[in-house]
Every structure is written in C-alpha cells, then in structure tokens.
**Student:** 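So that we are looking at the same thing, I have put the structure below in structure tokens.
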Amino acid sequence: MKEIQFLLFILIVLGFNAPGQNKAKNNRLNSSNIKSNKLVGTWRLIEYADLDTLTGKWIYPYGKNPRGYFTYTSTNIVNLNISKENQLKLSEDSAKKFPISYYNLTENYSFGYFGTYSIDWQKSIVTHHVKGGTVLWYTDTDQPRPFTLRGDTLIIGNNKVKRRVLVRADRTGH
C-alpha cells in the first residue's frame with residue numbers, strides 16, 4: 001500500500017497527466033505566464049477592415065464603427081462577438097420570415113464564436129481554437145491570427161490585408 005501511495009505522490013509531483021485529461025486544462029497558462037499575458041482582458045472593437053486587393057481600398061463589412069468585444073481570459077478562454085454599427089431592426093416574428101442567406105448574415109451583419117486560445121509570442125500569433133459559435137465552418141478548427149500589441153491597442157491581422165483594431169475595455173478577463 002505504501003508503494004502505491006509513494007508512486008501516486010511521485011506522479012503528482014512530476015505533473016502526470018492521466019489519459020483523457022482535458023486538453024484545455026493542459027493548455028492553460030502557468031501562473032508565471034498569466035502575469036505576462038498582456039492579452040488577458042476584454043477588448044472593444046473599433047475597426048474591422050479588409051483590403052480590397054483589386055482597388056487597394058479598405059472595406060468595412062460591419063461599417064466604420066462596428067460593435068463588438070474580444071475577451072481573453074487568464075485560463076485561455078476566448079469569446080468574441082462582432083456586429084454591424086447599424087444593426088437590422090427586426091421583431092422576432094419578422095426575423096422568422098426575413099430573406100437573408102446565412103453567409104450574408106455572418107459576413108455583413110454579426111457573428112461570434114468561442115473556444116480556447118494559445119499564443120506564440122515569438123511569432124506574435126494568437127490561435128483561436130474554436131469550439132462553437134455562429135461561424136459554423138470555424139467550429140473545431142484552429143484560427144491563427146497575427147497580432148500587434150501596443151499599450152492598450154490590439155491589432156488582430158497582418159495590417160496589410162486584414163485589420164481588426166481593438167482598445168482595452170477591461171483588464172480582468174478572469
């Protein structure tokens with residue numbers, strides 16, 4: 001019996017991960033990284049732009065003043081929601097009959113998704129490990145995003161053909 005207790009003690013000390021243990025738990029930041037993870041918190045979206053490579057002009061599918069928040073928690077959970085500045089005004093009954101394609105809705109009016117995230121600080125890439133949301137084709141995929149962080153401004157995208165500009169709204173993110 002003492003040998004089993006000793007073996008369990010050693011396994012715990014060495015950080016043994018039991019088979020089938022939740023991967024999200026293994027991907028969490030350790031306590032020393034939490035303090036240095038400057039993405040933790042809630043970020044308010046102030047610009048969502050894509051470059052039209054034919055014209056060389058930036059297009060704003062959600063308008064010049066989009067609405068939305070990206071939240072990164074200290075336990076590596078990501079949640080984001082984006083909507084057009086001037087949302088559709090529909091009653092529930094009207095929405096049941098409104099003729100719009102699902103793709104058009106998510107690409108031009110609003111979308112959101114959630115999951116976990118990991119960061120490659122060397123390459124400045126945050127990867128969203130999507131578990132669900134309205135962008136159905138993102139579910140169970142990894143969505144790597146280059147980012148630039150300057151003070152309380154976060155730019156997601158390469159700033160050459162995609163740019164999502166966010167400002168810090170909250171530092172907690174727990």
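FYI, the numbering just counts along the sequence from 1. Everything quoted here is computed from the prediction, not taken from an experiment.
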**Student:** Is there a path from Leu154 to Val161 through hydrophobic residues (I, L, V, M, F, W, Y) whose side chains come within less than 4.5 Å of each other?
**Tutor:** no

**Student:** Applying salt bridge (charged side-chain N to carboxylate O under 4.0 Å, His left out), which residue pairs with at least one partner in residues 66-88 are found, sequence neighbours left out?
**Tutor:** none

**Student:** In the single-linkage hydrophobic clustering (I, L, V, M, F, W, Y; side-chain heavy atoms under 4.5 Å), do Leu136 and Leu80 co-cluster?
**Tutor:** yes

**Student:** Flag the pair Tyr113 / Trp137 as yes when their ring centroid distance falls below 6.0 Å, and as no otherwise.
**Tutor:** no

**Student:** Rounded to the nearest 0.5 Å, what separation is found between the CG atom of Asp140 and the NZ atom of Lys131?
**Tutor:** 6.0 Å

**Student:** Establish whether Ile82 and Tyr138 are linked, either directly or via other cluster members, by ILVMFWY side-chain heavy-atom contacts under 4.5 Å.
**Tutor:** yes

**Student:** If you measure from CG on Asn76 to OG on Ser118, what distance do you get to the nearest 0.5 Å?
**Tutor:** 7.5 Å

**Student:** With the side chain counted from C-beta on, respond yes when Arg168 and Thr42 share a heavy-atom pair under 4.5 Å apart, and no when they do not.
**Tutor:** no

**Student:** Tell me, which pairs form a side chain to side chain donor-acceptor pair (under 3.5 Å) where one or both residues lie in residues 45-58, sequence neighbours left out?
**Tutor:** Glu47-Arg163, Tyr48-Arg164, Asp50-Arg164

**Student:** Going through the distances and angles, do Thr153 and Leu166 end up as a side chain to side chain contact (heavy atoms under 4.5 Å, CB included)?
**Tutor:** CA-CA 6 Å; Thr153 302; Leu166 302 112; over 6 Å; no

**Student:** Partners of Asn158 by side chain to side chain donor-acceptor pair (under 3.5 Å), sequence neighbours excluded?
**Tutor:** none

**Student:** Could you pull out the closest heavy-atom pair between Leu51 and Lys160, with the gap in Å?
**Tutor:** CD2-O, 3.3 Å

**Student:** Show which side-chain atoms of residues 89-97 pair as donor or acceptor with protein atoms under 3.5 Å away, not counting sequence neighbours.
**Tutor:**
residue : atom : partner : partner atom : Å
Ser91   : OG   : Ser94   : N            : 3.1
Ser91   : OG   : Ser94   : OG           : 3.0

**Student:** Passes side chain to side chain contact (heavy atoms under 4.5 Å, CB included), Phe70 versus Ile156? Steps please.
**Tutor:** CA-CA 10 Å; Phe70 289 31; Ile156 304 278; 4.2 Å; yes

**Student:** Which distance, rounded to the nearest 0.5 Å, do you find between the OG1 of Thr116 and the CD1 of Ile77?
**Tutor:** 8.5 Å

**Student:** Mind checking whether Leu39 and Val126 have side chains closer than 4.5 Å, heavy atoms only?
**Tutor:** yes

**Student:** Thr134: what forms a side chain to side chain contact (heavy atoms under 4.5 Å, CB included) with it, not counting sequence neighbours?
**Tutor:** Tyr102, Thr106, Phe111

**Student:** Return the set of residues passing side chain to side chain donor-acceptor pair (under 3.5 Å) with Asn108 (not counting sequence neighbours), or none when no residue passes.
**Tutor:** Asn104

**Student:** Going by side chain to side chain contact (heavy atoms under 4.5 Å, CB included), name the residues that satisfy it together with Ser124, two or more places apart in sequence or in a different chain.
**Tutor:** Phe147

**Student:** Could you walk me through whether Ile119 and Asn37 pass the side chain to side chain contact (heavy atoms under 4.5 Å, CB included) check?
**Tutor:** CA-CA 9 Å; Ile119 302 171; Asn37 183 354; 3.5 Å; yes

**Student:** Under 3.5 Å, is there a donor-acceptor pair between the side chain of Tyr117 and the main chain of Thr73?
**Tutor:** yes

**Student:** For Glu107, give me all partners under side chain to side chain donor-acceptor pair (under 3.5 Å), at least two apart in sequence or on another chain.
**Tutor:** none

**Student:** Are Tyr62 and Tyr103 connected into the same hydrophobic cluster when the rule is that any two of I, L, V, M, F, W, Y join if their side-chain heavy atoms are below 4.5 Å apart?
**Tutor:** yes

**Student:** Going by the rule ring-ring contact (aromatic ring centres under 6.0 Å, His included), which residues pair with Tyr60 if we only count those two or more places apart in sequence or in a different chain?
**Tutor:** none

**Student:** Using the test side chain to side chain contact (heavy atoms under 4.5 Å, CB included), find all partners of Arg44 that sit at least two apart in sequence or belong to another chain.
**Tutor:** Ile46, Tyr69, Val167, Ala169

**Student:** Mind checking side chain to side chain contact (heavy atoms under 4.5 Å, CB included) for Asp142 and listing every partner two or more places apart, or none if nothing turns up?
**Tutor:** Thr127, His129

**Student:** Should Leu45 and Val165 count as side-chain neighbours, where that means a heavy-atom distance under 4.5 Å?
**Tutor:** no

**Student:** My understanding is that only residues two or more places apart in sequence, or in another chain, count here; which of them pass side chain to side chain donor-acceptor pair (under 3.5 Å) with Ser83?
**Tutor:** Gln87

